[in-house]
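Notes follow the structure.
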Amino acid sequence: MTAVKKLAVIVTRGSYNNLLQACELARIATVAGTQVSVFFRDEAALRLTQDKVKDMVFSEAYKGRDAHMREILRARGKHDLPAILREIKEKGDAKFSVCRDSLELLEITVEKLIPELDEVQAADAFWKEEVATADQVLTF
């Protein structure tokens, strides 16, 4: 088995459990020495605005367990997505991008995004720069 040197992650779904799962795997990869590029688009981009990032909205599978999950994640320090993104960057080589097209479609200005995002990028640029050169691609 060859080591993954470069990982590209595409995150589209905006539930908190989906965002957290993508971030957890990105953190594990950076700690292992992998270069990680994460591209947030669609619903995920909407959740990375300053006014929505603290909303811990879970997928349908967690219906009825939302309050319990929030309690567990707070106790484990997994309730603050911006802090999680900062931690991933501190652990290794990670870059967080948001999709330009998604921002335009959702009418989100760059000023509304959380500062932990590194860049606004077109999908085709992410493809050429990250996906086409990655050893592994994950989607969430």
Side-chain angles (χ1 to χ4, degrees):
M1 178 181 229
T2 58
V4 176
K5 292 181 174 53
K6 186 172 181 181
L7 173 66
V9 181
I10 302 167
V11 186
T12 58
R13 291 185 303 278
S15 67
Y16 191 82
N17 50 292
N18 187 67
L19 292 167
L20 182 59
Q21 180 68 16
C23 288
E24 286 294 298
L25 289 175
R27 183 188 57 77
I28 291 166
T30 58
V31 168
T34 302
Q35 178 187 356
V36 177
S37 295
V38 181
F39 188 63
F40 297 99
R41 57 176 293 127
D42 303 328
E43 293 172 21
L46 184 60
R47 289 278 166 213
L48 296 175
T49 59
Q50 294 174 30
D51 63 333
K52 294 196 185 278
V53 73
K54 294 189 189 241
D55 296 343
M56 294 176 70
V57 177
F58 295 95
S59 67
E60 187 65 26
Y62 289 88
K63 189 173 185 169
R65 298 181 51 102
D66 298 42
H68 180 68
M69 288 304 299
R70 285 186 194 93
E71 190 177 301
I72 290 171
L73 292 174
R74 280 190 180 90
R76 293 182 181 178
K78 302 290 182 185
H79 64 287
D80 186 343
L81 196 57
I84 291 169
L85 296 177
R86 288 190 301 272
E87 177 191 346
I88 293 167
K89 285 198 234 183
E90 290 168 6
K91 300 259 184 221
D93 187 359
K95 179 176 78 170
F96 300 106
S97 304
V98 65
C99 179
R100 179 180 319 279
D101 293 332
S102 294
L103 294 183
E104 289 174 7
L105 290 171
L106 296 166
E107 299 178 334
I108 298 171
T109 62
V110 173
E111 296 77 29
K112 291 181 181 178
L113 296 172
I114 59 172
E116 288 75 14
L117 296 169
D118 297 304
E119 67 181 346
V120 174
Q121 190 173 38
D124 61 339
F126 184 78
W127 180 271
K128 291 173 189 171
E129 295 170 21
E130 306 300 340
V131 173
T133 61
D135 299 311
Q136 183 76 46
V137 179
L138 302 176
T139 59
F140 290 86

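Just so it is clear, the structure is predicted and the values come from calculations on it, not from any experiment.
The hydrophobic clustering, which links ILVMFWY residues whose side-chain heavy atoms are closer than 4.5 Å, places V110 and L48 together. Cluster membership check: L81 shares its hydrophobic cluster with L106, using side-chain heavy-atom separations under 4.5 Å among Ile, Leu, Val, Met, Phe, Trp and Tyr. In the hydrophobic clustering of this structure, V36 does not group with V31; members are Ile, Leu, Val, Met, Phe, Trp, Tyr whose side-chain heavy atoms approach within less than 4.5 Å, directly or through other members. No continuous path of ILVMFWY side-chain contacts below 4.5 Å connects V57 to L46, so the two sit in separate hydrophobic clusters. Cluster membership check: I28 shares its hydrophobic cluster with I84, using side-chain heavy-atom separations under 4.5 Å among Ile, Leu, Val, Met, Phe, Trp and Tyr.
No donor-acceptor pair closer than 3.5 Å links the side chain of D118 to the backbone N or O of S97. T49 places no side-chain N or O within donor-acceptor distance of the main-chain N or O of I114, the cut-off being under 3.5 Å. For N17 (side chain) and S59 (main-chain N/O), a donor-acceptor pair under 3.5 Å exists by modelled atom type. For the pair E130 (side chain) and V9 (backbone), a donor-acceptor distance under 3.5 Å is absent.
More than 12 heavy atoms of other shown residues, nucleotides or ligands fall within 6.0 angstrom of atom CZ in F58. Shown here is R65, whose CZ atom has no more than 12 heavy atoms of other residues, nucleotides or ligands within 6.0 Å. Around the NZ atom of K91, the shell of radius 6.0 Å holds no more than 12 heavy atoms that belong to other residues, nucleotides or ligands.
L117 places a side-chain heavy atom less than 4.5 Å from the side chain of F40. L103 is listed as a side-chain neighbour of L113, based on a closest heavy-atom distance under 4.5 Å. Using a 4.5 Å heavy-atom threshold, the side chains of E116 and F96 count as separate.
Annotation for C23 and I88: closest pair O-CD1, 3.4 Å, computed over non-hydrogen atoms. Between A44 and V11, the shortest heavy-atom contact is CB-O, 3.4 Å. Shortest non-hydrogen contact noted between F39 and A123 is CZ-CA, 3.7 Å.
The list of salt bridge (charged side-chain N to carboxylate O under 4.0 Å, His left out) pairs with a residue in residues 31-44, not counting sequence neighbours, is empty. Sorted by first then second residue, the side-chain hydrogen bond (donor to acceptor under 3.5 Å, both in side chains) pairs that include residues 69-85, not counting sequence neighbours, are E24-K78.
Put simply, CD1 on I10 and CH2 on W127 are 7.0 Å apart, with the number rounded to the nearest 0.5 Å. From T133, atom OG1 reaches atom CD of Q35 across 7.5 Å, with rounding to the nearest 0.5 Å. Put simply, OG on S102 and CZ on R100 are 11.5 Å apart, with the number rounded to the nearest 0.5 Å. Atom CG of residue L7 and atom CG of residue L25 lie 8.5 Å apart, to the nearest 0.5 angstrom. Rounded to the nearest 0.5 Å, atoms OH (Y16) and NZ (K54) are 10.5 Å apart. The line from CG of N18 to CZ of R47 is 11.5 Å long, rounded to the nearest 0.5 Å.
A salt bridge does not link K112 with D51: none of the charged nitrogens is closer than 4.0 Å to a carboxylate oxygen.
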